[in-house]
Novice: 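After the structure tokens below, expect a handful of questions from me.
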Protein chains: 2
Amino acid sequence: MHTHWSVYIARMTAPPRQTRESIISAAAKLFYDEGIRRVSVDAIADEAGITKRTLYYHFESKDDLVAAYLEQRDQPSFARFQQWFAEAEGPLPERIRTIFVRLAAFARHPKWKGCGFLRTSAELANMPGHPAIKIGAAHKRRVEDWLAGVFEAEGLGEPRMLARQIILLLDGAFAVVLLNRDPGYMETAGDAAATLVRAASSRLQPSGAGA
Amino acid sequence: MHTHWSVYIARMTAPPRQTRESIISAAAKLFYDEGIRRVSVDAIADEAGITKRTLYYHFESKDDLVAAYLEQRDQPSFARFQQWFAEAEGPLPERIRTIFVRLAAFARHPKWKGCGFLRTSAELANMPGHPAIKIGAAHKRRVEDWLAGVFEAEGLGEPRMLARQIILLLDGAFAVVLLNRDPGYMETAGDAAATLVRAASSRLQPSGAGA
DNA sequence: GTCTATAAGCCGATAGAC
DNA sequence: GTCTATCGGCTTATAGAC
């Protein structure tokens, strides 16, 4: 019994899984705030409150940690887009536009520094096969697939093409706002996205113009 | 006379201005190929065929060199967009689309690694006031102003807004293609740009739908 | 699984000769 | 203006004790 308790307490204070995740959280914070190559493994270990040797027990290399950083970012980021869309009201173009408006509010936070996936691919552009870049590409593809499904369910023609156009505006907004620090561009991107959705809709509805 | 010649020859072989520019060229090549923080000042000096001490005679710091790298990139990059547009044929939406098609051909070159301005802003996202980022923002603004002028000359309504939407698609294409290495996205961006230009045109011509 | 200590080398920037 | 030589510090990663 006593033995059971001490083991249980030991697991509560510093079980391996929790240590690993605290390292990823520390890495995520620093990588996003300062950039991959700017952040040293020492700094990550310090932020996590462990030593470098412990970090290298849980991760093979710094590259491994970069991949884990983006893997952790994938699901929450994707879920946020879905939630923003689900909470939006009005016709489809307006609901798509809402995603960009919500993103603009995010970008106005002082700690916002762009899209972690895009920034990582920019910083590691000389390593096209890096695991982290593959994770980033898969993340964007996931969002694109989800949008394509939404458009297809609405009966729009060429839903895949439209989804790609929206992704281009979304990532363009990330890049442009990071460069000039004017979140207003995100709302402009939302307007463009709504226009494209309307154009795709009207192509399906012969009640419109000449066609 | 003899003196004049030797001075002239000395200027031809290693005048200060030429040394400075060879350093910038070396920095530009390495920064674009491998990223800012990945490239050491030693490597730039080696590439330029001079010593590090000479480099620091011509430039105050590495940051100074990063700014010079993007300053050198501004004019040729802008002129290329203008030339692509000037060489394009057909109605306005098609001519705008051509810019993206030409860019896609660029992106298919094996040494292509995205937009130097955007990649620099991504890598230096923790230093928002960095001179290089201001140069990048000014460059994009220049392209936007040029596009706005083109749209205004064509008599389109809200030319500034449309120019921003095109810039968003352009930079989105840079970011997306860098991430997933599929230049086909650039042509998709061109299609979206043409659609937006057409939408802006039809808003001016009451010969269209209900409005 | 976590620690202390250290390897082996690269970093940006500078001193001082010529 | 360009050189050789070097400073002090930081880098990723590892050795070996506990």
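Residue numbers begin at 1 in each chain, while the letters A, B, ... track the order of the sequences.
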Novice: Over how many whole Å does the gap from B:Leu55 atom CG to D:dA5 atom P extend?
Specialist: 19 Å
Novice: As a quick check of understanding, evaluate side-chain contact (heavy atoms from CB on, under 4.5 Å) for A:Thr120 and A:Val66, giving each step before the final call.
Specialist: CA-CA 9 Å; A:Thr120 299; A:Val66 178; 4.2 Å; yes
Novice: Could you grab the distance from atom CD1 of B:Ile24 to atom CD of B:Gln72, nearest 0.5 Å is fine?
Specialist: 6.0 Å
Novice: Using a distance-only test with no angle check, is there a side-chain donor-acceptor pair under 3.5 angstrom linking A:Thr19 and A:Ser22?
Specialist: no
Novice: If we ignore hydrogens and angles and just use 3.5 Å, is the side chain of B:Arg119 paired with the main-chain N or O of A:Ala122 as donor and acceptor?
Specialist: yes
Novice: Decide side-chain contact (heavy atoms from CB on, under 4.5 Å) for B:Tyr32 and B:Trp112; before the verdict, give the C-alpha distance in whole Å, the side-chain angles of both, and the deciding distance to 0.1 Å.
Specialist: CA-CA 9 Å; B:Tyr32 182 76; B:Trp112 185 88; 3.9 Å; yes
Novice: Please list residues of residues 40-52 of chain A whose heavy atoms come under 4.0 Å from any atom in DNA chain D, ordered by number; otherwise none.
Specialist: A:Ser40, A:Val41, A:Asp42, A:Lys52
Novice: Over how many whole Å does the gap from B:Phe59 atom CZ to C:dT14 atom P extend?
Specialist: 16 Å
Novice: Under a 3.5 Å distance rule, please check whether B:Arg97 uses its side chain to pair with a backbone N or O of B:Ala193 as donor and acceptor.
Specialist: no
Novice: What is the distance, rounded to the nearest whole Å, between atom OH of B:Tyr57 and atom P of C:dA17?
Specialist: 18 Å
Novice: Is it true that, when you exclude A:Glu87 itself, more than 12 heavy atoms of the residues, nucleotides or ligands shown sit nearer than 6.0 Å to its CD?
Specialist: yes
Novice: So does A:Glu47 pair up with A:Lys52, basic N to acidic O under 4.0 Å?
Specialist: no
Novice: Among residues 60-67 of chain A, which ones have heavy-atom contacts with DNA chain D below 4.0 Å?
Specialist: A:Ser61, A:Lys62
Novice: For B:Arg37 and D:dT11, what is the distance between atoms CZ and C1' respectively, to the nearest whole Å?
Specialist: 15 Å
Novice: Whole angstrom is fine here: how far is it from CZ in A:Arg20 over to C1' in C:dT2?
Specialist: 17 Å
Novice: For A:Arg160, which residues count as a side-chain hydrogen bond (donor to acceptor under 3.5 Å, both in side chains) partner, sequence neighbours excluded?
Specialist: A:Glu144, A:Asp145
Novice: Nearest whole Å is fine: how far is C:dG12 C1' from B:Ile23 CD1?
Specialist: 15 Å
Novice: Measuring to OP1 and OP2 of C:dA13, would you say a side-chain N or O of B:Tyr56 lies under 4.0 angstrom away?
Specialist: yes
Novice: D:dT14, C:dT2, D:dT2: which one has an atom nearest the side-chain heavy atoms of A:Thr19?
Specialist: C:dT2
